[in-house]
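Inspection log for the structure reproduced underneath, given as structure tokens.
Values below: every heavy atom of this structure, side chains too, minus hydrogens, waters and symmetry copies.
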Amino acid sequence: MAQYLVTYTDSSEQHIPAERVYCDTDHPQYVFHDGDHNTVALTPCRGVLSIVRMPQPDTAKAVTG
């Protein structure tokens, strides 16, 4: 599962494991979902400085010789 780094305007940070995030325009919040479309976290839009999807580490590859 991907990791998102949320940075708030007060300089605090939070790591949220999720597959996707979107901004709910009906309610001022970001909604984080897992691979099955279940909500895993809600973050109010107010006070969020940035949301960055962290790069996935490369998977190990088999070496044949």
Looking at R20 and V31, would you say the former's side chain and the latter's main chain have a donor-acceptor pair under 3.5 Å? no

Quick one, C45 and C23 - any side-chain contact, counting heavy atoms below 4.5 Å? yes

So which residues get pulled into I16's cluster when ILVMFWY side chains under 4.5 Å apart are joined, directly or through others? Y4, V6, Y8, V21, Y30, F32, V40, V48, I51

Please determine whether side-chain contact (heavy atoms from CB on, under 4.5 Å) holds for the pair E13 and L5, giving the CA-CA distance in whole Å, both sets of side-chain angles, and the decisive distance to 0.1 Å. CA-CA 7 Å; E13 296 179 338; L5 175 63; 3.9 Å; yes

For T25, the side chain to side chain contact (heavy atoms under 4.5 Å, CB included) test, sequence neighbours excluded, returns none

For the residue pair H33 and T39, establish whether any side-chain heavy-atom pair is separated by less than 4.5 Å. yes

So R53 and E19, side-chain contact (heavy atoms from CB on, under 4.5 Å) or not? Walk me through it. CA-CA 9 Å; R53 184 177 175 133; E19 286 301 317; 4.2 Å; yes

Taking only residues two or more places apart in sequence, or in another chain, which ones meet D10 in a side-chain hydrogen bond (donor to acceptor under 3.5 Å, both in side chains)? S12

